[in-house]
Participant: 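Sharing a structure below in structure tokens format, with a few things to ask.
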Amino acid sequence: NEVHERLEMFVKKGEVLPDHLSHVAPIIESLKAGGYTLYAELEMAISEDWQPVGWWNKEAYLRGKVDLVAINEAEGKAYVIDYKTGKRKVDTTQLKIYGAVIYHLLG
């Protein structure tokens, strides 16, 4: 939780990262410098017919909170980033679902 909170505040408010997370700063700064708009802890919810709905809406079929989304509209590119702080997970299903939802909602 601390890692997510610190990185969220770094992205949203420019708060200084503690030493043990400082290695992430150049990655985030390079995205900003590359023209990417960053969204930290982005909450998304869609209905069964892939329409955006409120997080707590009873029509919400799928909900997800993405650690970091970086979008460069001019280049038509986006990154969906999931922070890992423990054992590495090889399954990319979660990222693929998030990517599909973001692509559908934002093009």
Side-chain angles (χ1 to χ4, degrees):
N1 288 336
E2 183 224 349
V3 169
H4 285 257
E5 289 173 17
R6 294 294 190 114
L7 290 170
E8 178 183 10
M9 291 301 100
F10 177 71
V11 170
K12 288 182 175 179
K13 298 183 179 183
E15 291 185 8
V16 176
L17 289 173
D19 288 343
H20 68 283
L21 295 175
S22 62
H23 64 283
V24 180
I27 297 166
I28 292 173
E29 292 301 334
S30 70
L31 289 167
K32 287 182 187 177
Y36 285 83
T37 303
L38 305 180
Y39 302 91
E41 301 298 322
L42 178 65
E43 292 181 343
M44 303 181 303
I46 59 169
S47 64
E48 279 190 84
D49 59 352
W50 286 71
Q51 296 305 306
V53 296
W55 184 263
W56 296 113
N57 188 300
K58 68 179 183 173
E59 305 298 319
Y61 175 74
L62 176 75
R63 291 183 188 92
K65 184 184 285 191
V66 184
D67 296 340
L68 182 64
V69 176
I71 298 175
N72 185 320
E73 289 189 34
E75 295 184 13
K77 294 182 180 179
Y79 291 100
V80 178
I81 299 166
D82 187 40
Y83 306 135
K84 293 298 176 204
T85 58
K87 185 177 179 183
R88 186 168 184 252
K89 297 177 185 174
V90 182
D91 185 5
T92 59
T93 303
Q94 178 184 10
L95 292 175
K96 290 176 183 175
I97 291 169
Y98 288 162
V101 171
I102 290 167
Y103 181 79
H104 177 76
L105 296 178
L106 303 177

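Every heavy atom of this structure was used, including side-chain atoms; hydrogens, water molecules and symmetry mates were not. Computed from a predicted model, the values in this text were never measured in an experiment.
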Participant: Hey, is NZ on Lys58 packed in by over 12 heavy atoms from elsewhere, all under 6.0 Å?
Facilitator: no
Participant: With a 4.5 Å heavy-atom cut-off, do Arg6 and His20 have their side chains touching?
Facilitator: no
Participant: Which of these, Val69, Leu62, Ile102, sits in a side chain to side chain contact (heavy atoms under 4.5 Å, CB included) with Met44?
Facilitator: Ile102
Participant: Check whether Ile71 and Leu95 end up in the same hydrophobic cluster, where Ile, Leu, Val, Met, Phe, Trp and Tyr are linked by side-chain heavy atoms less than 4.5 Å apart.
Facilitator: yes
Participant: Under 4.5 Å side-chain heavy-atom separation, chaining through any Ile, Leu, Val, Met, Phe, Trp or Tyr, what else clusters with Phe10? Say none if it is isolated.
Facilitator: Val3, Leu7, Val11, Leu17, Leu21, Val24, Ile28, Leu31, Tyr36, Leu38, Leu68, Tyr79, Ile81, Tyr83
Participant: Return the minimal non-hydrogen interatomic distance between Ala60 and Ala45, and the atom names on each side.
Facilitator: CB-CB, 4.3 Å
Participant: Once salt bridge (Lys or Arg N to Asp or Glu O under 4.0 Å) is applied, what residue pairs with a partner in residues 36-57 remain, sequence neighbours excluded?
Facilitator: Glu43-Lys65
Participant: Give a yes or no on whether Glu73 atom CD has more than 12 heavy-atom contacts from other residues, nucleotides or ligands under 6.0 Å away.
Facilitator: no
Participant: Counting only heavy atoms not in Lys12, do more than 12 sit closer than 6.0 Å to its NZ atom?
Facilitator: yes
Participant: So, taking the atom named OG1 in Thr85 and the one named NE2 in His4, what distance separates them when rounded to the nearest 0.5 Å?
Facilitator: 5.5 Å
Participant: Enter the distance from Arg63:CZ to Asn57:CG here, rounded to the nearest 0.5 Å.
Facilitator: 8.0 Å
Participant: Can you find a heavy atom in the side chain of Trp50 that is under 4.5 Å from one in the side chain of Val101?
Facilitator: yes
Participant: Cluster question for you: counting only ILVMFWY and a side-chain heavy-atom cut-off of under 4.5 Å, with indirect links fine, are Tyr103 and Ile97 together?
Facilitator: no
Participant: Hey, what do you get for CD (Glu5) to CD (Glu8), rounding to the nearest 0.5 Å?
Facilitator: 7.5 Å
Participant: Measure across Ser22 and Pro26 and return the closest heavy-atom pair with its distance rounded to 0.1 Å.
Facilitator: O-CD, 3.3 Å
Participant: So which heavy atom on Leu105 is nearest to which on Pro52, and how close?
Facilitator: CD2-CD, 3.8 Å
Participant: Indicate the atoms forming the closest heavy-atom contact of Asn72 with Glu75, along with that distance.
Facilitator: OD1-N, 3.0 Å
Participant: Looking at Trp56, I want to see if its CH2 is surrounded by more than 12 non-hydrogen atoms of other residues, nucleotides or ligands under 6.0 Å.
Facilitator: no
Participant: Treating Ile, Leu, Val, Met, Phe, Trp and Tyr as nodes and any side-chain heavy-atom pair under 4.5 angstrom as an edge, say whether Val66 and Met9 lie in one connected cluster.
Facilitator: no
